[in-house]
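Only this structure's heavy atoms are used, side chains among them; waters, hydrogens and symmetry mates stay out.
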Amino acid sequence: MTARDLTPNVTDCALAFEGGGYREAFSAGVATVLMDAGIRFGYVCGVSAGASNTVDYVSDDKQRVREAFMMHEAAREATGIRSLAHGHGYFDADALYEDAVTEGTLPFDFETFQANPAEVRIQAFQRDTGCTLRFGKEGMADVVRLMDIVRASSTLPGAMTPRPVDGHVLYDGGLGEGAGLPVCMAEKDGFARTFFVATRPRGYRKQPPTPTEQRLYERLAGDYPFLFKALLTRWERYNEELERIERLAAAGSIYVVWPERMMVSSGTTSATLLNAQYEAGRAQAIRQMPLWREFLFGSADGGPTPPDGWDGYVTIA
């Protein structure tokens with residue numbers, strides 16, 4: 001068992017990670033600063049690509065948090081044109097998830113993950129029924145099973161090949177309840193306060209699908225009407241949920257970390273841009289830390305004391 005102290009010091013507030021593909025490089029910057037400052041949440045949830053940040057944060061591995069959204073060698077082969085050329089779709093899910101841990105291209109500290117007392121919730125969408133499914137640690141018996149669940153939560157129709165979990169074909173959790181905004185996950189588990197890391201700038205709204213996009217959704221959904229409806233209505237459900245979150249933030253029960261700069265898209269493959277986005281997230285986290293401490297601990301200098309000599313920057317060997 002890990003020798004690190006994993007005792008949560010934030011127990012009355014959930015940590016929630018929005019998805020967004022490689023926009024998650026921003027959230028990785030935020031997460032590594034939270035980890036280095038010793039801020040440990042007792043409940044962490046995420047959806048889609050945010051599911052990766054969820055489990056990596058709980059595994060207490062700053063290097064994996066960062067590398068999961070950088071273009072390391074294996075990821076370069078598994079993403080974009082290279083992956084398409086090999087017939088694996090835009091994202092080669094086998095390489096990015098299961099193979100990453102079984103072949104060691106991006107190891108996962110499952111022992112520390114299990115030892116961490118923090119609760120975990122990850123969401124996926126069931127293709128055949130339209131139901132929203134949520135998984136906790138109790139369903140993650142080993143590292144391959146864990147990666148199957150994270151992969152399911154992140155599987156975009158048409159961009160990744162789904163892998164059945166317990167006999168069910170699952171897709172991106174952003175198609176389910178909350179439309180990709182995981183605050184509702186924490187609320188369902190009894191949390192009245194949430195620290196929410198967004199991947200879209202303040203004021204963003206999704207637009208209705210164009211006729212061309214609607215036809216694409218029809219092709220992607222095929223004979224599965226629940227999947228088609230979820231694709232078709234996601235923009236509206238997302239906007240409604242975002243407006244609700246904004247009202248709760250104004251009332252003080254949610255703190256939203258809006259990206260000040262978003263330089264990448266969900267499918268960005270430039271290592272230079274991804275690293276720049278990670279660094280921007282990290283720098284924003286350092287600047288805003290007093291505000292975060294005030295929300296989480298009641299004062300600008302509340303909460304755990306950073307390590308001696310810490311200047312606010314995370315050093316990853």
Side-chain angles (χ1 to χ4, degrees), residues 14-24 26-28 31 43-58 68-69 89-91 93 96-98 119-140 145-189 191 194 196-200 206 217 220-221 224 226-242 244-245 266-267:
L15 172 61
F17 289 106
E18 183 180 8
Y22 280 94
R23 290 195 301 276
E24 209 70 24
F26 166 80
S27 306
Y43 178 101
V44 190
C45 62
V47 63
S48 192
S52 291
N53 260 326
T54 295
V55 298
D56 292 347
Y57 170 88
V58 174
F69 296 99
Y90 194 85
F91 300 104
L96 291 171
Y97 295 97
E98 292 83 356
E119 290 186 72
V120 169
R121 290 290 184 274
I122 291 173
Q123 178 169 301
F125 175 84
Q126 195 171 39
R127 180 194 65 184
D128 296 352
T129 66
C131 291
T132 296
L133 302 184
R134 291 184 180 134
F135 299 87
K137 268 187 179 177
E138 61 276 9
M140 302 171 185
R145 166 79 175 187
L146 179 150
M147 285 296 150
D148 283 347
I149 292 169
V150 173
R151 170 180 176 168
S153 182
S154 307
T155 298
L156 294 166
M160 294 167 63
T161 303
R163 172 171 289 181
V165 175
D166 299 332
H168 302 290
V169 175
L170 303 181
Y171 278 110
D172 193 296
L175 295 172
E177 186 179 3
L181 299 165
V183 171
C184 60
M185 299 168 66
E187 292 172 336
K188 287 289 179 69
D189 282 333
F191 284 87
T194 302
F196 172 45
V197 184
T199 58
R200 294 288 196 178
K206 290 188 180 298
Y217 294 162
L220 291 174
Y224 299 99
F226 293 109
L227 178 57
F228 176 61
K229 182 179 179 181
L231 289 166
L232 195 63
T233 63
R234 187 185 172 218
W235 72 276
E236 188 173 19
R237 294 182 292 117
Y238 180 97
N239 291 347
E240 289 175 353
E241 178 66 0
L242 188 56
R244 188 183 74 87
I245 288 171
S266 60

[X] versus [Y], closest heavy-atom pair with distance:
X	Y	answer
Phe125	Phe226	CZ-O, 3.6 Å
Tyr43	Asp189	OH-OD2, 2.7 Å
Ser154	Ala49	OG-N, 3.7 Å
Thr54	Arg121	CG2-O, 4.4 Å

Contacts of Lys188 meeting side-chain contact (heavy atoms from CB on, under 4.5 Å) (sequence neighbours excluded), chain-then-number -> Arg134, Glu177
Would you say [X]'s side chain and [Y]'s backbone share a donor-acceptor pair under 3.5 angstrom?
X	Y	value
Arg234	Gly174	yes
Arg237	Leu175	yes
Gln123	Gly173	yes
Arg151	Thr161	yes

Give, for atom [atom1] of [X] and atom [atom2] of [Y], the distance between the pair rounded to the nearest 0.5 Å.
X	Y	atom1	atom2	result
Ser48	Asn53	OG	CG	11.5 Å
Ile122	Cys45	CD1	SG	9.5 Å
Ser27	Phe69	OG	CZ	7.5 Å
Tyr224	Arg127	OH	CZ	3.5 Å
Thr233	Phe228	OG1	CZ	9.5 Å
Gln126	Thr132	CD	OG1	9.5 Å

Side-chain contact, heavy-atom cut-off 4.5 Å: [X] with [Y]?
X	Y	answer
Pro162	Tyr171	yes
Phe191	Val183	no
Val165	Arg145	yes
Glu24	Thr199	yes
Phe135	Leu170	yes
Lys206	Arg200	yes

What verdict does the side chain to side chain contact (heavy atoms under 4.5 Å, CB included) test give for Arg244 and Leu181, after you've listed the backbone C-alpha separation in whole Å, the side-chain angles of each residue and the deciding distance to 0.1 Å?
CA-CA 11 Å; Arg244 188 183 74 87; Leu181 299 165; over 6 Å; no
